[in-house]
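These notes are about the structure you will find just below.
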Amino acid sequence: MMTDYKHTLNLPNTPFPMRGDLAKREPGMLQEWENRQIYQQLRTHAQGRPKFILHDGPPYANGAIHIGHAVNKILKDIIVKSKTLSGFDAPYVPGWDCHGLPIELKVEEKLGKAGDKVDAFVFRKACREYAAEQIDLQRKDFKRLGVLGDWENPYLTMAFQTEADIVRALGRIATNGHLHKGAKPVHWCTDCGSALAEAEVEYADKTSFSIDVRFTVADEAEWLQRLPEAAGQGELSVVIWTTTPWTLPANQAVALNPTLDYVVVQTLSERLLVAEALLASVLQRAEMTEHTVLARCTGDKLEGLLLQHPFYARQVPVILGDHVTTEAGTGAVHTAPGHGQEDFVVGLKYGLPVDNPVGGDGCFLPNTELFAGESVHKANPHVLEVLTERGKLLKAEKLRHSYPHCWRHKTPLIFRATPQWFISLEQNGLRKQALEAIQGVKWIPDWGKARIEGMVQNRPDWCISRQRNWGVPIALFIHKETGELHPQTAALIEAVAQRIEQEGIDAWFRLTPEELLGKDAVDYDKVGDTLDVWFDSGVTHAAVLERRADLRFPADVYLEGSDQHRGWFQSSLLSAIGTRGEAPYRTVLTHGFTVDGKGEKMSKSKGNIVAPQKVTDSLGADILRLWVASTDYSREMSVSDEILKRTADAYRRIRNTARFLLANLNDFDPATDLVAAADMLPLDRWAVDQAAQVQDKVLAAYDNFHFHLIAQEVLNFCTVELGSLFLDITKDRQYTMQAGSRGRRSAQTAAWHILNAMVRWLYPVLSFTAEEIWQSLPGEKSQDFVLFTQWYDGLFRLDEADKLSAGEWSYVFALRELISKQLEDVRVAGQIGAGLDAEVVIYYRQVGVEVNHDPLLKLGEELRFVLITSGVHLHDVVDVPEDAVEVLDQVFVRVVRSKHGKCTRCWHHREDVGSHAQHPELCGRCIENIEGTGEVRQYA
RNA sequence: GGGUCUAUAGCUCAGUUGGUCAGAGCGCACCCCUGAUAAGGGUGAGGCCGGUGGUUCAAAUCCACCUAGACCCA
C-alpha cells in the first residue's frame, strides 16, 4: 500500500552508466571516431576559421612511450581541443624524429656495423624500417590516450620530402654565412668513432689519475728578471694539476689567472710556483713540510715566460685566462687546445697550435713521440712513467669525480679536435639575432625566457657534423686544397635536394661528384658527414610548418618539457633565425618533468615508474587526462598510485553529476519543454548564473593554459553548487511535481543548460566521457560530436529584474549552512534522521523590514524546500525563546522534530496528512499533484 | 661547482602589489538517507605555510643562508 504512489513520481532514469568502465569502453569509442574520420571532418568544419597552430615537437622514434610523452601529448591535445571550441581552426600534425645514433645502434645490434659487416645502403634501409616500426608502436599508444590528430598523415623527418627540405635548410644557413668548418675539440666517443652532441653526453663518476706535474722554467735568468726574489736553490718549476695525463703530449701552454696571487716557495731541494690560495693543499699533497715563501706576484707578471715541456723538446709559454680558478689544483692550468673547450678558446687568443695527436679510434697517431699507437685510456700509466723518469711528477693519486660519458656506450669520452662543421653563433651575428628574437616571444612560465637566454648567451658554436650513416647528409662540396665551399653551393644543394626528394638520403651517398660538378669534380671533395639530428627536428618549421598546406610559419605555440630550452626550442630558434631571421614560434610553453609522489625522479631501480599503458588499461585514458589537467604542469608533476586514485575519485564525482543531470532530463525535450529564461524559477536562474560564472573562469583558464584551475573549478561546482545545493534542493520538484509543470520544466531547463555548458568544459580534458555525455543529451543536436561545436552560449546571469538577487541567494545559502549545523546537532542527539523529520523556526528582525527586501519572507513557505525540511516558521526576534541558538547576529534558530504525519509520497511531514479520505497517506500538495491541476512554485 | 626553478593540511591546488590569508575540493572520522544506491546529504578532525636568521608596526607573501627535489650545464 505504501508503494502505491511511487509510480506517480518522476524518478530519475538514464541508461548512462554510473561507472565509466573506461578501460573497456574507450577503445570502442576510438574506433568509432576513426571510422567516422572525425579529425578529417573537423578540418572541413573548421575551414575558414582563424588558424591556431600548435607545432608538435617530434618524439624520437625509439622505444615505448613513457608517462612524460603522455603528459606532453595530452597537454597538446587539451590546447588543440580548447582552441577548437574557441572557434579556431587548430590542426594537429604529430611528428617523429627518425634519424640518428640510437636507431643506428639498435640496427647495429642486429646487423653489425655499416661498412663493416653490412653495406651502408642496406644498413640505412634497415634503419628506415626500424624507425617505421617504432612509429607504429608509439602511434598506437598516443592514439589510445585520446589524442586527436592527423595520425594517418604525420610528419616524419625521414620522409624523402622532409629529408630534402632539411638539406635545403642547411643550404640556406650556408648561404646566409652561418656555416663554418673548423677543427675544434668536441666530445668524442672512441667506441662510436664519432663526435657527440651535447645532448648525447652523460655525466657519471669515474676514477682518474690526479697528478701534479712540474713544468720547469726554460730560462731561469729571464724569470728572475721579472721576479728577482725567486732566486734560491734547485730547479724552479710551475706546478700544474691534471686528471687527464694523456693530454700532456698535446700541451701547448700553462695558464695562470692574471689577478690571482702566486708564490714561489723554496722546499728542501727545489722551488715551486703555485697559487698562494692553493699552496697549503699542494704541499700537503706532495708531503712537503719544509718550505719558505721566496716571492709573491700576480699571474699577469709572468705572461709570456717560457717553460720546458715535461717530456718533449719544446718550450711552452705562460698564458693568462680568467677560467683559471682556485677551486682545485694548483692555480696553474695545463693547456692543450686540442683537448679542451676552454683551452681551445684561450689558445685561440694566444695563437697556440691546435695539436691533436689522437686518432678517431682513441689511439695516439703513429708519429706521436713516445706514445705512438697507444690507446689514450691505457696510456696514462705510461705518461706517469715517463714523467717519473724525468723527475717531473710531483705527485700522483687517484680521484673519483664526475666525468663525461657516452650516453650509449657509457664509456668515458675524450675531448678531441677534429674537423667539424659548425653553425657559428658569431660569424654572422646569429647569437645576437637569436637573443633579439627571444625578446619577441612569449615564454610561459616567464622564467623560460631567462633560461633560454642564458643558454643562448653562453653556448658554443653548434657542431652539426656526425660521422654516421643514418642521417641527413651535409650535402656540400669543398675544395680539396682550400677547403672552401663550391661557389655554386646554393644551386648544388637544390640539385641534391631534388634527388633526395625522389630517392631519400641514399641519393647523396650514391652521387658521384662528376654528376653535378662535371670537370670541377677533380678539385672537390664530397662531404661525408651527416647532420646532427637536432638539426632535423630543428628545421621542421621549414620542412613541416611551411611545407604543409594545413599549417603555417610561425607556429602559435611550441610546447615541450623544460629540457628543450637546450634542445628543440633552441635548435628551432637558431635554425629559423639562420634561415630566415625570424623565431619559429610566438609562444613557448614549458611543462615540468614527471616525478613520483615524493617529488623524485622515476627510475627502474626505484621501482616508481608509472607507465601510461598501465593506466589506460586499468583506469582509462580519461583518468590519465584528468590527472594531467589537475596538475600544475609548470613545475614537476607528481604521479603515484594515491594521486591517480584521488583523480579517479574526482572523475567519479564529475561523471555522476553529469549522470544525475541526464537522469533528470529523462523525459525532457528542449524543443517543447524548454522554459524561457525569464520564466524560470529564481533558484534555477541562480544555478544557471553560477554555471555562467564557472564558464567565465573555465574559458579564461583555457585561454591562459591554466588547466589545473579548470579541474578544480569544475569539481567544486559539481560538489558545492550542484550536489549540495541545486540538485539536492530541486529533487523535490523533479520528483513530486507534475511532469510537465513549469516548476519541473524550469529545473530541467537549468539542468539542460548546465549540462550543455559542462560537456564542453569537460571535452578538452575528458574527451571520451564528454562525447559519451553528448550522446545522451536530450534534444536535436546541431552536431554529432562535441568536437564540432563551440562553447555553449545559452547561459545567462542574474540581473536586477530577478526576484532574488545574487546577494540574497548568498545570504540564504549561508544561513542554510548554519541551520545544517543545528540540524546535525539534533540528528546526533537522535531526535531526527533525515532533515525532513524536522521543522525549523527562525527568529530575526522583521519589524520595519519590507517584504521585498527580505529574502526569507519572499521565499516564505518555499523556504522549507530550500532547507529540505518539512516546515520553516519565521518570527520576529522579539519572540525568541530561551532554547533558540543565535547562528548570526540577531538571527536565532530552533530545530524541532515535526509532530505531523509523514506523507508517503513526498516524505514531508505535514499537518494535512490524513485529512483526505481518498488518500489518507498523502499531504495536500501531493494530492494536488496527482489529481489536481498541479502545485505552483514561485521560487524554489 | 654554475644556471633556471620548486617546497601551503594525507592528496591536488587557491592565496592579486606584505596587514581577518591560513582557504577549497578530495581523502579520512562520525552521523543521516535508501526515490542518484559499488550513489547522495550533513558534521568534524587535520597545516607553526620546508628550516634558520633578517627587513618591517606587520610576512606564507620581501631579503640572505641552509635543507630537499627537478631540469639544464660543467
On the nucleotide B/A36, are OP1 or OP2 found under 4.0 Å from the side-chain N or O atoms that A/Tyr735 carries?
yes
Closest to the A/Glu600 side chain: B/C26, B/A36, B/G69?
B/G69
Contact under 4.0 Å: A/Thr647 side-chain N or O vs B/C26 OP1/OP2
no
Side chain of A/Gln712: nearest nucleotide among B/A36, B/G25, B/C13?
B/C13
Is the shortest side-chain N/O distance from A/Arg659 to OP1 or OP2 of B/G40 below 4.0 Å?
no
Does A/His900 reach the side chain of A/Val913, with side-chain heavy atoms less than 4.5 Å apart?
no
Would you tell me if any nitrogen or oxygen in the side chain of A/Lys821 comes within less than 4.0 Å of OP1 or OP2 on B/G44?
yes
Would you check if A/Thr590 and A/Pro445 make a side-chain contact, meaning some heavy-atom pair closer than 4.5 Å?
yes
Is any side-chain N or O of A/Lys731 closer than 4.0 Å to OP1 or OP2 of B/G40?
no
With sequence neighbours left out, the residues meeting side-chain contact (heavy atoms from CB on, under 4.5 Å) with A/Leu888 are A/Tyr811, A/Leu815, A/Leu818, A/Val891
Select one nucleotide: of B/U12, B/C13, B/G40, the one nearest the side-chain heavy atoms of A/His708.
B/C13
Nucleotide-resolved protein contact map, nucleotides 27-34 of chain B, B/S/- at heavy-atom distance under 4.0 Å
S---BSSS
Of the listed nucleotides B/G25, B/G35, B/C72, the one nearest the side chain of A/Arg451:
B/C72
Closer than 4.0 Å, any side-chain N/O of A/Arg635 to the OP1 or OP2 of B/A7?
yes
Closest approach to the side chain of A/Met18, judged atom by atom: which nucleotide of B/A36, B/G35, B/C26 is it?
B/A36
Verify, without hydrogens or angle tests, whether A/Arg653 (side chain) and A/Leu715 (backbone) share a donor-acceptor contact under 3.5 angstrom.
no
Do any side-chain nitrogens or oxygens of A/Arg566 fall under 4.0 Å of OP1 or OP2 in B/U4?
no
